[in-house]
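In the text below, chain A, chain B and the rest are named by the order of the sequence lines, each starting its count at 1. Because only heavy atoms are used, hydrogens play no part in the values below, and waters and symmetry mates are left out as well, while side chains stay in.
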Amino acid sequence: MLQISYIRENPQDVIRRLAVKNLDVKGIVNQIVEMDQQRRTLQKQHDELQAEINRISKEIGILFKSGQKAEATTLKERSSELKADSRSLADTLAASEEELNKLILQLPNLPHHSVPAGKNAAQNEIVAGEGDLPVLEEGALPHWELAQKYDLISFELGSKVTGAGFPFYKGKGARLERALISFFLDEAARAGYEEFLPPLLVNEDSAFGTGQLPDKDGQMYAVNTDNLFLIPTAEVPVTNLYRDVILTHDRLPVRNVAYSSCFRREAGSWGKDVRGLNRLHQFNKVEIVQIAHPDKSYESLSEMRDHVASLVRKLELPFRIVRLCGGDLSFTSALTYDFEVYSAAQDKWLEVSSVSNFETFQSCRLKLRFRDTDGKVRLAHTLNGSALALPRIMAALLENNQSHQGIRIPGVLVPYTGFNSIP
RNA sequence: GGAGAGAUGGCAGAGCGGUCGAAUGCGGCGGUCUCGAAAACCGUUGUCCCGGGCAACCGGGACCGGGGGUUCGAAUCCCCCUCUCUCCGCCA
C-alpha cells in the first residue's frame with residue numbers, strides 16, 4: 001500500500017503517475033486527503049481527552065493516599081464522564097481509520113518513471129533479446145505430444161487423480177524437472193542467495209502482507225477449516241519472513257531463494273493457450289527475493305535481471321526481456337521485467353519469469369523496515385523474481401531440443417539428470 | 001487429543017491495581033582513561049500515531065503475545081484466542 005504521508009504531501013504526483021496505468025484516481029485521492037485530515041482532527045481531540053483523563057487518574061491516586069476521599073470521589077465522577085466521551089470518540093476514530101484504509105488499499109503502486117504508458121501487453125517494450133530461434137526438423141511436435149511420446153508427463157493421470165492442470169511427471173520427465181530445480185537453486189546459491197524451503201500454506205496475515213488479500217483471494221486455494229491459503233508463489237512465505245521486522249542496514253541487501261510448488265486457481269483465465277504445460281494449477285518454481293536499501297534497489301533489480309538472463313542463457317534457450325507498460329504492470333509492482341522464452345514447436349514466446357521492484361509498496365503493509373546509517377528507521381524495498389518457473393522452461397526445452405534422435409539435454413543439466421538425451 | 005506451566009524492551013530476567021515505558025544484568029552506541037586496545041568508570045539506548053519546529057529536538061497519545069472486559073486508574077484482576085515449553089497418548 002502507498003504511504004499516507006506520501007499521498008498527503010504529493011496528491012498530484014499520485015494522480016499523474018497512476019495515469020500511466022490508465023487509472024483516473026483523482027476522486028479517490030481527493031477523498032483520501034480529506035478523510036486523512038478528518039482522521040487527524042479526531043485523533044487530536046481523542047488524545048487531548050485521554051491526556052486529561054490520565055491527569056485526573058493520577059490526581060485521584062494522590063488524593064487517596066493523603067486520605068482526601070471527598071475530593072477523590074468528585075474527580076472520579078468527572079473522569080467517568082470524560083471516559084464516556086473518549087469512548088465514543090475512539091469509536092468514531094476507528095471507523096474513520098477503517099474507511100480511510102479501505103480507500104488507500106484501492107490504490108496500486110506508483111509506476112517507476114521508466115515505465116511506458118500503455119493499455120495492455122501489446123504496448124510492452126522489448127528491451128533485450130538473445131539467442132537464435134531454432135529451426136526444427138520436419139514433423140516436430142508440441143511439448144504435450146512429446147511428453148506423451150517419450151512418456152515424460154501425464155496430463156490424463158493428473159486429471160484422473162486431481163483435475164485438469166495437475167500433471168504427473170514420470171520417469172525421465174520427473175528427473176528432468178528435479179534437475180532443473182536443483183540447477184536453479186545451485187545457481188542462486190552461487191550468486192549469494194540463502195536457500196529456504198518454505199511452508200506451502202500461509203495464514204491470513206501473510207496473504208495480506210504480500211498483497212494477495214483482500215482482493216485476490218479468488219486466485220488462491222483456501223483451506224477454510226484452518227483459515228490457511230496454499231501459496232501462489234514462494235514470494236509469499238519468504239517475504240513474510242520479514243513482516244514486522246527492523247533490519248540493520250548492514251544486512252541489506254537480503255538475498256533469499258526458495259523452491260516451492262505453487263498453486264493457482266487461475267479463475268477466469270482458463271481459455272485458449274492453456275494446452276500442456278502452458279498454464280497449470282500446480283507447478284514448480286524457484287523464486288529469488290531481495291530486500292534492499294531504497295537507494296540501491298534498482299541495482300538489485302538489475303542484478304536479479306542479470307541472474308535470470310544467465311539461467312536462460314545456460315539452458316541455451318532463445319529469450320527476450322520485456323519491460324511491462326503501465327497497463328500490464330501488476331497492482332503491487334513499480335517496475336517489472338518479464339522474461340519470455342521461445343518455444344519453437346508452438347511458435348510462441350512463453351513468459352518464464354517476472355522480475356519486479358515493489359519499492360515500499362509491500363514493506364508498508366508488512367512493516368518491513370531497516371535502521372539506516374543515520375539511525376533512522378525507514379521502509380525497505382522488496383523485490384522478487386522467478387528464477388525460474390519450471391513448466392514453460394520444460395516446454396521450451398522439449399520442443400526446441402527435439403530431433404528424430406530424441407530430445408537433447410543442455411550440457412549444464414547433464415550432471416543433474418544423469419543422462420544427456422531422451423531417446 | 002488429554003494434563004500442567006508460561007508469553008514483559010536486541011537478549012536474559014524483575015515487576016504490592018496508582019509518577020511503570022517498565023528494575024537489574026548482558027549486548028549496542030557515545031565519552032573518560034590509553035600511543036592504541038582491553039579492563040574500569042560515566043552517560044545513553046524501543047516502535048507507531050498526533051501537534052509544534054528547517055532541523056537537533058520538544059509536548060501529547062498508544063503499545064508489556066493478540067482481542068475483549070472490570071476499574072477513576074491495568075504489565076498487574078477476569079474472559080476468549082494464538083503460540084511456546086513439560087508430561088501422557090497417537091503418529092511420518
Side-chain angles (χ1 to χ4, degrees), chain A residues 1-10 32-105 197 199-209 213 223-229 237 240-252 254 291 360 362-380:
Chain A
M1 66 194 289
L2 296 177
Q3 295 169 75
I4 181 63
S5 56
Y6 190 82
I7 303 174
R8 178 158 65 220
E9 282 155 33
N10 311 280
I32 287 171
V33 172
E34 205 173 299
M35 293 229 32
D36 174 54
Q37 185 54 51
Q38 184 195 325
R39 191 208 111 238
R40 286 192 291 161
T41 308
L42 285 169
Q43 164 119 40
K44 191 163 177 251
Q45 289 171 1
H46 179 258
D47 284 1
E48 281 166 2
L49 201 49
Q50 203 55 43
E52 177 69 9
I53 292 171
N54 289 345
R55 204 157 34 234
I56 292 174
S57 292
K58 251 176 209 171
E59 221 172 302
I60 291 172
I62 295 164
L63 288 173
F64 266 122
K65 267 188 190 153
S66 61
Q68 295 169 270
K69 292 223 173 66
E71 289 85 342
T73 310
T74 317
L75 279 183
K76 262 198 199 180
E77 281 163 20
R78 170 87 183 122
S79 180
S80 292
E81 283 167 31
L82 292 179
K83 178 84 180 256
D85 293 351
S86 167
R87 280 206 173 164
S88 78
L89 247 181
D91 288 347
T92 323
L93 179 60
S96 165
E97 262 167 8
E98 200 186 328
E99 206 177 323
L100 177 61
N101 234 306
K102 264 190 205 154
L103 289 174
I104 297 173
L105 286 172
L197 189 61
L200 304 180
L201 293 163
V202 294
N203 61 28
E204 239 178 322
D205 285 346
S206 295
F208 179 82
L213 295 179
V223 181
N224 292 316
T225 41
D226 294 297
N227 218 335
L228 296 171
F229 299 89
N240 273 284
L241 286 170
Y242 303 95
R243 171 153 47 84
D244 291 316
V245 166
I246 300 176
L247 295 161
T248 49
H249 60 83
D250 56 325
R251 285 200 53 196
L252 303 178
V254 170
I291 295 162
T360 58
Q362 286 184 328
S363 55
C364 184
R365 280 201 200 193
L366 291 162
K367 297 195 173 53
L368 195 188
R369 293 160 298 170
F370 71 101
R371 195 178 301 281
D372 211 341
T373 41
D374 61 3
K376 288 248 165 60
V377 172
R378 37 178 74 100
L379 293 172

Counting the atoms with a prime plus P, OP1 and OP2 as sugar-phosphate, which does [X] contact under 4.0 Å by heavy atoms, base, sugar-phosphate, or nothing?
{"X": "A:Lys83", "value": "base"}
{"X": "A:Ser57", "value": "base"}
{"X": "A:Arg78", "value": "nothing"}
{"X": "A:Ile56", "value": "nothing"}
{"X": "A:Arg251", "value": "nothing"}

Can you figure out which of [options] approaches the side chain of [X] most closely?
{"X": "A:Gln50", "options": "B:A62, B:C50, B:C48", "answer": "B:A62"}
{"X": "A:Arg40", "options": "B:G51, B:U70, B:U47", "answer": "B:G51"}
{"X": "A:Lys58", "options": "B:A56, B:C48, B:U19", "answer": "B:U19"}

Can you find a side chain N or O atom of [X] that sits less than 4.0 Å from OP1 or OP2 on [N]?
{"X": "A:Arg55", "N": "B:G73", "result": "no"}
{"X": "A:Asn54", "N": "B:A62", "result": "yes"}
{"X": "A:Arg371", "N": "B:U47", "result": "yes"}

Nearest heavy atom decides the nucleotide; on that basis, is A:Val377 or A:Arg87 closer to the 5' end of RNA chain B? A:Val377
Using only heavy-atom distances, decide whether a donor-acceptor pair under 3.5 angstrom links the side-chain of A:Asp47 to the base of B:G61. no
